[in-house]
Amino acid sequence: MQNKDYHAQLNPAQLKAVQSISGPHLVIAGAGSGKTRVLVHRVAYLVEHGVNPEEILLLTFTRRAAEEMLRRASTLLDKRCSRVSGGTFHSFANFILRKYAAFAGLSSNFSILDQSDAEDAVGLVRAKLTLNKTDKRFPRKHAILEVISKSTNKSALLEDVLQQEYPQFQEFSAQIKKIRDGYNEYKRKKSLLDYDDLLIYLQVLLSQHADLRKKLSSRYKYIMVDEYQDTNRLQAHISCLLASEHGNIMVVGDDAQSIYSFRGANFRNIIDFPKIFKGTKIITLEENYRSTQPILDLTNAVIRQAKEKFEKNLFTRKTGGELPIFIDCPDDSAQSKFVADKILELREDGVNLKDMAVLFRSGWHSNDLEVELASRNIPFVKYGGLKFVEAAHIKDVLSYLRIAHNPADQVSWMRALQLIPGIGPKTANLILEAMAEKNKNAQEKIFKKKEELVKLFDLFDQVKADIDKPAALIEMFLKYYQPLLKIKYDDFHKRLNDLDSLINIAGRYKLLEQFLTDMALEPPERALVESGRADKDDSTLTLSTIHSAKGLEWSTVFIIYAADGHLPSYLSLENPDQLEEERRLFYVACTRAKMNLFLCKPNIDRSPRSQLASGGTVFTQVSRFLEQGGVLDKFISTQASGSEDGIGQFELEDIIGQPGKRSKEFFEDMKDYFSEENGF
DNA sequence: TGCTGTATCTTTTTT
DNA sequence: AGATACAGCA
């Protein structure tokens, strides 16, 4: 009956993956090969065959991805599919740890530190150990946390991480270890967990409590892990522990799309998977359903240059399609104008804005474009880059809520206290010590000096009744915080607006704990908050870092700043492994496109760094990933065959790089165009 | 002593 | 644009 539908909608390899129910499976899925479709159908298939949805655990990279899959599975079958358990490793860990806090030696109201909180805590510990005064070249708190985090995520010794990736810090090995131990102790005492701790605690919980492991493994009888190439050792270990009772685990991934090694991910998890689970069946998906042949030719040529990869042979049955186009723009703002022009033109031709995306390596690459789009009233949502909750004033208010939720949260206390004028790190510490020791004398002494302090404490006393209405709680704290905000920031008006938005978001939550957890683990995107929407609506252009574009696809894709030093990033040029990751990143970016692919670069680099380095005008080079292996020539020469007469006769969209034709000439060509049409 | 203002770098990517 | 280091001020 239903099986017929599955046959019709899936190719043989996909069908096999969907219908393989028991035992370990590894699905190697090339870009655009219908990986999501397999997962969605598999969920439906399992439920249809009598599996209780709650016994299926779907671990994905973002909660958005999980929700999208469950929504699609629901349309395929029925509402039962939405009861499937799922989320990110971190949110799943949070869920389990709150429930079984006692087993893990935690109090269930633990706070989650985001990266900057964690950095603050490291800074505190470092200051306490007075290691910062010894030497000027001592690593910053940011770098220290990075080293510590990498060693946990890779399950590697700190020394090894230092030796391999941070040789410049090797001489501080002993001090960094001291800071790490101090940091761990500090967090444990104050019921604080950073991102890595969520994983560590879950791993320890599962390894050390056999009864609990059995219980959980029996509860989650079917485990699926998406984007397995971007899991780290710790996450791989957790997956295996969860599957220990039954071995029903399917992991899906593509080694060519591994782009998270900077946080400890290792695509060798894919190779090692069959070693851990004997009898693993491997299924390879090679047919591409996403892109046209010319785009596929380009992406295949890009990944062919990779130093290390599993051979895959992606093919499509689609014929025809436009050739990818490379545009060398005079500068950043010309690039923005080109992209905006082209987007408007495509929209006139009937392409919906939601089917277009602009991708880039780092958050600031889109700054100029954002201004341009705004001035032309093109609605967009930006993913990646700085998050809404990372703004100082939002963090300030959240720190009050976190104290209300977990009074031991000293990181938040430090932040909240230092907002009061006249209180810096030292006094804040003094207050906290006086409170901890219940030293009435010392307390009164300090309290007498600052009436703000009394107000703050009174507020926390009042709070207890309303603890589970986050929105009301914020409004209450806002009365106290508003005057402080005005002193602290000149642009307090804009920031007050943001705080209204925060109240709005909080209004969607009944429980304070859930609200705070979400703000730490699944923070809303800035652009969505500012437009007052929960989701992007139907006709919105997408701007995204390549990392945040993972797993998504659009009919038209623009990649901006495809220049050497930007993509690949100048920070990765020295290290061969990092450079390979940049290549995969570029691959991921290009493979997002279904029909049209545009690559742009500004010819003049006005970024502060390059200005500083040279003092003069810096001309960019085409990204080396296009130069190498004739990638650029290959996809261009096909196009060039129909355009021997040169560039003059072409509309803008036909201006492309030709073999051997380099920046200087393009600069002239583009300059002409932009001066005439756009009033340069 | 500790806080605040000013100068000076430094800016990848994310849970 | 934000964090950090340093020097002067209460």
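Only heavy atoms go into these numbers, but all of them, side chains included; no hydrogens, no water, no symmetry mates. Just so we're on the same page: letters track the sequence lines, and every chain starts at 1. Just so it is clear, the structure is predicted and the values come from calculations on it, not from any experiment.
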- Task: Measure the distance between the ring centre of Tyr260(A) and the centre of the six-membered base ring of dT14(B), then answer whether it is under 5.5 Å with planes under 30°.
- Result: no
In numerical order, the residues of residues 580-593 of chain A whose heavy atoms come under 4.0 Å of DNA chain B are Glu582(A)
Rounding to 0.5 Å, atoms CG (Leu484(A)) and CD1 (Ile420(A)) come to a distance of 7.0 Å
Considering only heavy side-chain atoms of Arg140(A), the closest of dG2(B), dT4(C), dT14(B) is dT4(C)
Look at all strands and tell whether Phe89(A) reaches a base, only sugar-phosphate, or nothing, counting heavy atoms closer than 4.0 Å. nothing
Whole-Å distance, Lys141(A) NZ to dA3(C) P, equals 8 Å
Among the nucleotides dT4(B), dT11(B), dT14(B), whichever has the atom closest to the side chain of Pro421(A) is dT4(B)
Atom CG of Leu571(A) and atom C1' of dT14(B) are separated, to the nearest Å, by 16 Å
Under-4.0 Å salt bridge between Glu227(A) and Lys35(A)
yes
**Report entry** Check: Arg624(A) side chain, Asp564(A) main-chain N or O, donor-acceptor pair, under 3.5 Å
**Finding:** no
Rounded to whole Å, the CD1-C1' distance (Ile112(A) to dT14(B)) equals 15 Å
Closest of dT15(B), dC3(B), dT14(B) to the Thr88(A) side chain is dT15(B)
- Query: Hey, does Lys488(A) reach any base, or is it just sugar-phosphate, or nothing, if we go heavy atoms under 4.0 Å?
  - Reply: nothing
### Query
Base, sugar-phosphate, or nothing: which does Glu522(A) touch, judged by heavy atoms less than 4.0 Å apart?
nothing
Atom CG of Asp114(A) and atom C1' of dT15(B) are separated, to the nearest Å, by 10 Å
From CD of Glu146(A) across to P of dT15(B) the rounded distance in Å is 16 Å
Taking dT14(B), dT15(B), dC3(B) as options, the one with an atom nearest any side-chain atom of Pro425(A) is dC3(B)
Note: for Tyr570(A) and Ile420(A) on DNA chain B, the residue whose nearest nucleotide lies more 5' is Ile420(A)
Notebook entry, point to check: At under 4.0 Å, does any side-chain N or O of Lys387(A) touch on OP1 or OP2 of dT15(B)?
Noted result: yes
List every contact pair, protein side and nucleotides 7-10 of chain C side both N or O, where the distance is under 3.5 Å.
none

| task | State yes or no: are the ring centers of Phe92(A) and Tyr220(A) separated by less than 6.0 Å? | result | yes
Contacts of Ser399(A) meeting side chain to side chain contact (heavy atoms under 4.5 Å, CB included) (sequence neighbours excluded), chain-then-number -> Ser412(A), Arg415(A), Ala416(A)
Side chains of residues 261-269 of chain A: which donor-acceptor partners sit under 3.5 Å, not counting sequence neighbours?
unit_1	atom_1	unit_2	atom_2	d
Ser261(A)	OG	Glu581(A)	OE1	2.6
Ser261(A)	OG	Glu581(A)	OE2	3.4
Asn266(A)	OD1	Arg268(A)	N	2.9
Arg268(A)	NH2	Glu308(A)	OE1	3.1
Arg268(A)	NH2	Glu308(A)	OE2	2.8
Asn269(A)	ND2	Thr231(A)	O	3.0
Asn269(A)	ND2	Thr231(A)	OG1	3.0
Asn269(A)	ND2	Asn232(A)	O	3.3

Output for pair (Leu373(A) CG, Ser336(A) OG), nearest 0.5 Å, gives 7.5 Å
Item checked: Ser548(A) vs dT13(B): side-chain N/O to OP1/OP2 distance below 4.0 Å -> no
*asked:* Strictly below 4.0 Å, N to O, side chains only: are Asp114(A) and Lys395(A) in salt-bridge contact?
replied: yes
Students often get this wrong, so: under 4.0 angstrom with heavy atoms, is Pro523(A) touching a base, only sugar-phosphate, or nothing? nothing
Taking for Phe61(A) and for Gly422(A) the nucleotide of DNA chain B with the nearest heavy atom, the one nearer the 5' end belongs to Gly422(A)
To the nearest angstrom, the CD-P distance between Gln115(A) and dT14(B) comes to 10 Å
Applying ring-ring contact (aromatic ring centres under 6.0 Å, His included) to His566(A) and not counting sequence neighbours gives Trp364(A), His365(A), Tyr561(A)
In whole angstroms, the gap separating C1' of dT15(B) from CD1 of Ile238(A) amounts to 12 Å
* Should Lys550(A) be listed as having a side-chain N or O under 4.0 Å from OP1 or OP2 of dT14(B)? -> no
*Between dT15(B) and Thr62(A), is there an OP1 or OP2 to side-chain N/O distance shorter than 4.0 Å?*
no
Item checked: Donor-acceptor contact present, side-chain Thr62(A) to main-chain Ala65(A), <3.5 Å -> yes
So the salt bridge (charged side-chain N to carboxylate O under 4.0 Å, His left out) pairs with at least one residue in residues 417-436 of chain A (sequence neighbours excluded) are none
Here the distance between atom C1' of dT14(B) and atom CG of Leu113(A), to the nearest Å, is 16 Å
